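All values reported here derive from a predicted model rather than from experimental measurement. Below, each value reflects all heavy atoms present in this structure, side chains not excepted, and no hydrogens, waters or symmetry copies.
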Amino acid sequence: SCRTLNAALSMLTICKEIGFKRSGIIGMQKQIMIETMGNEKLETLVMKDGELLCNERYLEILIHECNLRMLRNRVRMEKLFLKLQELQTR
């Protein structure tokens with residue numbers, strides 16, 4: 001949560017600069033809350049009713065792609081953490 005609307009808006013700007021595309025203010029009553037989400041997601045159906053719908057090679061590619069996306073999200077989160085630390089020391 002943020003103490004002021006200006007702080008929330010600054011946080012949103014930082015999130016978008018870092019690459020979090022889906023960020024917004026989600027509450028303003030008692031607290032000003034910010035929600036931010038990365039856009040690195042992957043959704044696919046690989047099994048239905050206990051039946052595997054793809055081959056092992058496809059699963060290997062899928063796992064590799066998921067790991068790459070997780071790494072990109074982690075890098076973004078680390079950038080956000082460093083930026084917030086920088087703001088705290090000002």
Side-chain angles (χ1 to χ4, degrees):
S1 68
C2 296
R3 292 185 184 147
T4 67
L5 182 57
N6 282 340
L9 293 172
S10 294
M11 180 81 166
L12 285 177
T13 300
I14 290 168
C15 288
K16 291 190 182 216
E17 286 173 356
I18 289 171
F20 289 106
K21 305 286 186 227
R22 299 178 63 196
S23 301
I25 297 171
I26 59 169
M28 290 189 56
Q29 302 225 344
K30 293 181 181 180
Q31 297 179 358
I32 302 169
M33 299 292 291
I34 296 218
E35 178 180 65
T36 188
M37 294 173 52
N39 60 343
E40 296 284 346
K41 66 179 185 173
L42 191 133
E43 297 177 30
T44 188
L45 189 61
V46 295
M47 186 172 271
K48 185 172 183 176
D49 299 325
E51 179 187 354
L52 188 62
L53 302 175
C54 59
N55 62 30
E56 191 173 319
R57 177 68 181 135
Y58 179 75
L59 284 177
E60 289 171 1
I61 293 168
L62 192 60
I63 290 167
H64 178 74
E65 185 62 31
C66 288
N67 286 335
L68 287 175
R69 290 172 189 226
M70 289 289 289
L71 179 61
R72 288 192 294 252
N73 272 329
R74 183 180 179 117
V75 168
R76 255 189 221 105
M77 288 189 304
E78 288 172 358
K79 285 180 183 178
L80 178 60
F81 182 73
L82 290 173
K83 193 71 166 176
L84 293 176
Q85 279 186 322
E86 180 184 309
L87 289 174
Q88 239 180 356
T89 59
R90 287 185 187 173

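With values rounded to the nearest 0.5 angstrom, Ile61 atom CD1 is found 12.0 Å from Cys66 atom SG. Atom CG of Asn67 and atom CG of Leu62 lie 10.0 Å apart (nearest 0.5 Å). Atom-to-atom distance recorded for Met11:CE and Asn6:CG is 14.5 Å, nearest 0.5 angstrom. Here CZ of Arg69 is found 11.0 Å from NE2 of His64. Values are rounded to the nearest 0.5 Å.
Ionic pairing of Glu65 and Arg72 is present here: one or more N-O contacts between side-chain nitrogen and carboxylate oxygen are shorter than 4.0 angstrom. In this structure, Glu60 pairs ionically with Arg57, as a charged nitrogen and a carboxylate oxygen lie closer than 4.0 Å.
Residues Ile14 and Met37 do not share a hydrophobic cluster, defined by chaining ILVMFWY side chains whose heavy atoms lie under 4.5 Å apart. By the criterion of side-chain heavy atoms lying less than 4.5 angstrom apart, applied directly or through intervening Ile, Leu, Val, Met, Phe, Trp or Tyr residues, Leu87 is grouped together with Leu9 in one hydrophobic cluster. Note: the hydrophobic cluster containing Leu45 does not contain Tyr58 (ILVMFWY, side chain heavy atoms under 4.5 Å, direct or indirect links). Under a hydrophobic clustering in which Ile, Leu, Val, Met, Phe, Trp and Tyr are joined whenever their side-chain heavy atoms come within less than 4.5 Å, directly or via other members, Leu84 and Leu12 fall into the same cluster.
The one candidate from Lys41, Glu78, Glu40 that meets the side-chain contact (heavy atoms from CB on, under 4.5 Å) condition with Asn73 is Glu40.
When every heavy atom of Ala8 is checked against every heavy atom of Ile32, the shortest pair comes out as CB-CG2, 3.5 Å.
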I'd like to know whether Phe81 forms a side-chain contact (heavy atoms from CB on, under 4.5 Å) with Met77, so could you lay out the CA-CA distance, the side-chain angles of the two residues, the decisive distance to 0.1 Å, and finally the verdict. CA-CA 6 Å; Phe81 182 73; Met77 288 189 304; over 6 Å; no
Show the atom names and distances, to 0.1 Å, of all donor-acceptor pairs under 3.5 Å that link a side chain in residues 17-25 to residues at least two apart or in another chain.
| unit_1 | atom_1 | unit_2 | atom_2 | d |
| --- | --- | --- | --- | --- |
| Ser23 | OG | Phe20 | O | 3.4 |
| Ser23 | OG | Thr36 | OG1 | 2.6 |

